[in-house]
Amino acid sequence: MSVEEILSLPTLEVAKALLGCRLIHASEEGLTSGIIVETEAYLRDDPASHSFRKMTARTAPMFDKAGTIYVYQIYGVHFCANITTNETGIGEAVLLRALQPVEGIEIMQKRRKNTDIKSLCSGPGKLVEAMGIKKTMNNWVVNESPIQLIAPAGNNPEVHITTRIGITLAKDLNYRFYLKNNPFISRK
DNA sequence: GTCTAGATGAAA
DNA sequence: TTCATCTAGACA
């Protein structure tokens with residue numbers, strides 16, 4: 001399945017299909033990339049989603065076309081990155097929660113000030129920092145910017161589905177997806 | 001204006 | 001378990 005095909009799927013399917021994809025950022029400091037190993041879906045009728053109510057200045061990228069990147073700050077300290085799904089006007093997205101580092105590991109270690117490979121991208125805030133994703137990249141579009149997405153070549157990986165992390169609203173929905181037995185996923 | 005929860009991470 | 005650190009968005 002191509003990236004275009006993946007991004008045209010319903011949001012829950014996108015969250016699942018993104019597992020195994022490679023995310024690349026060709027930054028000024030150099031190229032970093034990693035395999036997506038953990039995601040969460042946020043739908044339009046989902047009380048935990050930023051797009052649950054009306055569109056606002058902050059959440060506008062969620063309502064943009066599929067492949068748009070939505071970056072927001074959380075707890076006043078960290079940033080999280082999402083990939084928007086659906087056509088323009090529908091506010092749904094997939095949160096990137098963890099990557100398995102592949103390229104540019106030295107750059108990630110420097111950005112994260114941490115040499116432990118397993119801790120480099122094992123959480124939404126960590127991955128954003130390791131990949132050098134900035135608030136200014138809000139609204140960028142995957143594969144039309146230095147952020148690239150590549151679909152996996154091989155077969156379907158084994159996927160685990162659980163409830164999402166760090167929320168109290170709609171906390172019983174099974175909208176979190178991760179690769180089974182992968183040591184690079186986040187923990188809580 | 002005032003309130004509150006929050007899609008976190010690191011340290012202790 | 002605590003804390004750092006703060007904003008968007010709801011409601012009045």
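First the proteins, then the strands, lettered A, B, ... as listed; each starts at 1.
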Going by salt bridge (Lys or Arg N to Asp or Glu O under 4.0 Å), name the residues that satisfy it together with [X], two or more places apart in sequence or in a different chain.
X	result
A:E13	none
A:K180	A:E158
A:D64	none
A:K118	none

Within the structure, does a side-chain N or O atom of [X] lie under 4.0 Å from either OP1 or OP2 of [N]?
X	N	answer
A:R112	B:dA10	yes
A:R97	B:dT8	yes
A:K113	B:dA10	no

### Task
Name every residue in residues 42-61 of chain A that has at least one heavy atom under 4.0 Å from any atom of DNA chain C, in order of residue number, or write none if there are no such residues.
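The answer is A:R53, A:K54, A:T56, A:R58, A:T59.
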### Summary of side-chain hydrogen bond (donor to acceptor under 3.5 Å, both in side chains) pairs that have at least one residue in residues 71-94 of chain A, sequence neighbours excluded
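Non-adjacent pairs meeting side-chain hydrogen bond (donor to acceptor under 3.5 Å, both in side chains): A:T11-A:T85, A:T11-A:N86, A:T11-A:E92, A:R44-A:E92, A:N86-A:E92.
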### Query
How would you list all residue pairs meeting side-chain hydrogen bond (donor to acceptor under 3.5 Å, both in side chains) that involve residues 98-107 of chain A, not counting sequence neighbours?
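Output for this query lists A:R22-A:E103, A:S33-A:E103, A:Q100-A:N182.
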[Y] side chain reached by [X] side chain, heavy atoms, under 4.5 Å:
X	Y	result
A:M131	A:M108	yes
A:Y42	A:H50	no
A:C80	A:L95	yes

### Task
Look up atom CG in A:L173 and atom CG in A:L43, then write down how far apart they are to the nearest 0.5 Å.
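Separation between the atoms: 8.0 Å.
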### Among B:dA10, B:dG6, B:dT8, the nucleotide that comes nearest once only the side chain of A:L169 is considered
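Nearest to the side-chain atoms of A:L169, counting from C-beta on, is B:dG6.
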### Query
A:K134: what forms a side chain to side chain donor-acceptor pair (under 3.5 Å) with it, not counting sequence neighbours?
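With sequence neighbours excluded, A:K134 shows a side chain to side chain donor-acceptor pair (under 3.5 Å) to no residue whatsoever.
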### Task
State which residues pass side chain to side chain donor-acceptor pair (under 3.5 Å) with A:Q109; sequence neighbours excluded, sorted by chain then number.
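Partners of A:Q109 by the side chain to side chain donor-acceptor pair (under 3.5 Å) criterion come out as none, since no residue qualifies.
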### Query
With Watson-Crick and G-U wobble geometry limited to distances under 3.5 Å, how should the secondary structure of DNA chain C be encoded in dot-bracket form, using | for bases paired to another strand and [ ] for crossing pairs?
||||.||||||.
### Message
Quiz question: going by heavy-atom distance under 3.5 Å, is there a donor-acceptor pair between the base of B:dA7 and the side chain of A:Y72?
### Response
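Result: at least one qualifying N/O pair found.
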Filtered N/O pairs between nucleotides 3-6 of chain C and protein, under 3.5 Å:
from, atom 1, to, atom 2, distance (Å)
C:dT5, O2, A:Y75, O, 2.8

### Message
Between A:D46 and A:S49, do the side chains contain a donor N or O and an acceptor N or O under 3.5 Å apart?
### Response
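Not at all, the side chains of A:S49 and A:D46 share no donor-acceptor pair under 3.5 Å.
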### Query
Starting at CG of A:L95 and ending at C1' of B:dG6, how long is that distance when rounded to a whole Å?
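So the two atoms are 13 Å apart, to the nearest Å.
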### Residue-level proximity of residues 101-110 of chain A to DNA chain B when a heavy atom falls under 4.0 Å
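Within this stretch, nothing sits under 4.0 Å of the strand.
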